[in-house]
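Okay, so here's the structure we're looking at.
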Protein chains: 2
Amino acid sequence: MPCPLYSYTYPHPAVTTDVVLFTIKDTRLQLLLVQRAAEPYQDYWALPGGFLEIDETLEACALRELAEETGIDGVYLEQLYTFGQPDRDPRERVISVAYYALAPFDRLTPRAASDARRVGWHPIDSLPALAFDHTRIIDLAHRRLVAKLDYTTIALQFLEPEFTFRELQTVYECILNARLDKRNFRKRIHALDLLQETGNLVRNGNHRPAKTYRSKNPAEVVILK
Amino acid sequence: MPCPLYSYTYPHPAVTTDVVLFTIKDTRLQLLLVQRAAEPYQDYWALPGGFLEIDETLEACALRELAEETGIDGVYLEQLYTFGQPDRDPRERVISVAYYALAPFDRLTPRAASDARRVGWHPIDSLPALAFDHTRIIDLAHRRLVAKLDYTTIALQFLEPEFTFRELQTVYECILNARLDKRNFRKRIHALDLLQETGNLVRNGNHRPAKTYRSKNPAEVVILK
DNA sequence: GCAAAAGTGTTCCAGATACACCCATGT
DNA sequence: ACATGGGTGTATCTGGAACACTTTTGC
């Protein structure tokens, strides 16, 4: 163990980031958890995250920790909220800047980090016991996601660049946990004028093939209304 | 100057809070700034804020710094966003958890802290040069306020417990920077069923007196829609 | 030819907007 | 009596919700 080397006139809290990574898998909204290998909360599941390095941005820290612990990159990331209850970590005072992230499942191939922690997807409605205040963080992230679904184009972040209308509707249905009317849904999305036909079709079973679409503006999440 | 006393194995950033305190004064949306007495950004105006103490919550820190620097308390406070660009403070790495606060102007009597910094109200549309990244923080707070105005009851936080309909409409008009139709505004607010008549009237010039209202739920900001 | 998902329009309702006049008071 | 802001109702528009049948394919 290295000697204490960094000294300050006043006490400084530690700063961490935690990431709630959502995806749609098996037509369910799921999120990524890692199983803790050490105390505190050993063997509990937790959000991927860790300590901020002194020269990196908060966002870089969130992406780095996600990559280190799960091997995942290239996700959409947005700051959620900062949690700082004095007793949230028994080791020392920790301020955690929480982020949420979204990505299409097929782009994601989680693998445990070298320290052999397990990594896995968990449906939002059947989560295991969680470390720290991570239940609260997930709950807030989920509510933010539901809210943003209907005034932003955030749903597109769950999809590959080319997708069918049905896939997009499934994203909405999984997040809202409700079935939507196909005609009204298509009318509403078309009215936003966000998508363009690719001209391609996907054959996908014994029924009529589906047209595929592409976002006109895939890089950005746009605020509607 | 005290000796360095607090040592860590890894470097820790400093954590601060900053508060964007809004009020309605002279039928304009204004916010509270303090003039900096020391470097960096000496003489620049800045948001009230300061370093987190190791045992206080983030929210307590925001309220404490506001009280210390301006003598103001009893405001509505909500977390805004956390700013952590590595170069945002030239002295050391600082993570700032920004809050915004709202209060009726008459409840507020700012006075400079003992170190003789000036404290003052500034209309949102004519701000002086600001220290650090405080322009960005204010811009985000302002956009959040405008957005929350139409899906929460946040406007009531600008008013005394007892107020007239015209006062409430003025809050909306100052924040949205637009004039609203009196009849439609009253109809919309009445439909929300948030207010009750007090039975009192205020005489306020050579015209018909106005009924006053009270929030049915003054302590809470409720999410509508 | 049948099962299965893709694709398409119209009617209805509710909430938002536009708009003009009478009321109670002070001077 | 008149100037000033307080207080009220109706017609219209628009976006969302409900709802059923035809099309294209694989087997």
Side-chain angles (χ1 to χ4, degrees), chain A residues 24 26-27 146-147 149-153 155 159-160 162-214 222-225, chain B residues 24 26-27 146-147 149-153 155 159-160 162-214 222-225:
Chain A
I24 306 285
D26 305 333
T27 64
V146 170
L149 199 67
D150 79 43
Y151 70 93
T152 71
T153 60
L159 296 172
E160 306 283 351
E162 199 173 324
F163 54 87
T164 66
F165 240 102
R166 194 63 190 82
E167 288 167 338
L168 182 58
Q169 188 174 336
T170 298
V171 170
Y172 277 81
E173 291 180 336
C174 290
I175 296 171
L176 297 174
N177 197 28
R179 301 296 79 84
L180 301 177
D181 179 86
K182 190 175 19 166
R183 283 166 296 185
N184 290 337
F185 180 76
R186 296 171 81 101
K187 198 177 347 154
R188 187 176 119 212
I189 301 294
H190 274 129
L192 299 174
D193 193 32
L194 296 163
L195 305 183
Q196 54 189 187
E197 290 191 24
T198 61
N200 301 329
L201 297 175
V202 291
R203 270 163 224 79
N204 188 28
N206 48 341
H207 55 81
R208 181 171 174 175
K211 294 179 183 175
T212 67
Y213 294 82
R214 196 191 321 276
V222 177
I223 297 177
L224 313 169
K225 299 185 178 174
Chain B
I24 306 284
D26 305 332
T27 65
V146 170
L149 198 66
D150 77 46
Y151 70 94
T152 71
T153 61
L159 296 172
E160 306 284 351
E162 199 173 326
F163 54 88
T164 67
F165 240 103
R166 194 63 188 82
E167 288 167 337
L168 182 57
Q169 187 174 336
T170 299
V171 170
Y172 277 80
E173 291 181 337
C174 290
I175 296 171
L176 297 174
N177 196 29
R179 301 296 79 85
L180 301 176
D181 180 86
K182 190 175 21 169
R183 281 166 296 186
N184 292 337
F185 180 77
R186 296 171 81 100
K187 197 174 350 154
R188 186 176 119 212
I189 301 294
H190 274 129
L192 299 174
D193 193 33
L194 295 164
L195 305 183
Q196 55 189 188
E197 290 191 24
T198 61
N200 302 329
L201 298 176
V202 290
R203 269 163 226 80
N204 188 29
N206 50 339
H207 53 82
R208 181 172 174 174
K211 294 179 183 175
T212 67
Y213 293 82
R214 197 190 321 276
V222 177
I223 296 178
L224 313 168
K225 299 185 179 176

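- Distance, A/K182 NZ to D/dA18 P: 17 Å, rounded to whole Å.
- Regarding contacts with the backbone of C/dG7, a side-chain N or O of A/R186 is found under 4.0 angstrom from either OP1 or OP2.
- If you take NE2 of B/H190 and C1' of D/dG9, they are 14 Å apart, rounded to a whole angstrom.
- Checking C/dA3, D/dA3, C/dA5 against the side-chain heavy atoms of A/N206 singles out C/dA3 as nearest.
- Rounding to whole angstrom units, NZ of residue B/K225 and C1' of D/dG16 are separated by 14 Å.
- Nearest-nucleotide assignment on DNA chain D puts the 5′-proximal partner with B/T212, out of B/T212 and A/G205.
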Using the side-chain hydrogen bond (donor to acceptor under 3.5 Å, both in side chains) rule, take A/T198 and A/T212 through it: C-alpha gap first, then chi angles, then the decisive distance, then the call. CA-CA 6 Å; A/T198 61; A/T212 67; 2.3 Å; yes
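- When heavy atoms are screened at a 4.0 angstrom cut-off, B/K187 is found touching base atoms of the nucleic acid.
- Straight-line distance from the CZ atom of B/R208 to the C1' atom of D/dG6: 5 Å, rounded to whole Å.
- The CZ atom of B/R203 sits 11 Å away from the C1' atom of C/dG26 (whole-angstrom rounding).
- When heavy atoms are screened at a 4.0 angstrom cut-off, A/D181 is found touching base atoms of the nucleic acid.
- The distance from the CG atom of B/D181 to the CZ atom of B/R188 is 11.0 Å, given to the nearest 0.5 Å.
- Classification of the B/F165-B/F185 ring pair by plane angle, with boundaries at 30° and 60°, yields perpendicular.
- Remark: B/T170 OG1 to B/R179 CZ distance equals 8.5 Å, nearest 0.5 Å.
- Straight-line distance from the CZ atom of A/F185 to the C1' atom of C/dA6: 14 Å, rounded to whole Å.
- Between B/L180 atom CG and C/dT17 atom C1' there is a gap of 12 Å when expressed in whole angstrom units.
- Following rounding to the nearest Å, A/I189 (CD1) and C/dG7 (P) show an atom-to-atom distance of 14 Å.
- No hydrogens or angles were tested; on distance alone, a donor-acceptor pair under 3.5 Å links the side chain of A/N184 to the base of D/dA18.
- Atom CD of A/Q169 is separated from atom CZ of A/R186 by 8.0 Å, given to the nearest 0.5 angstrom.
- The listed nucleotides are D/dT8, D/dG6, C/dA4; the one nearest the side chain of B/R183 is D/dT8.
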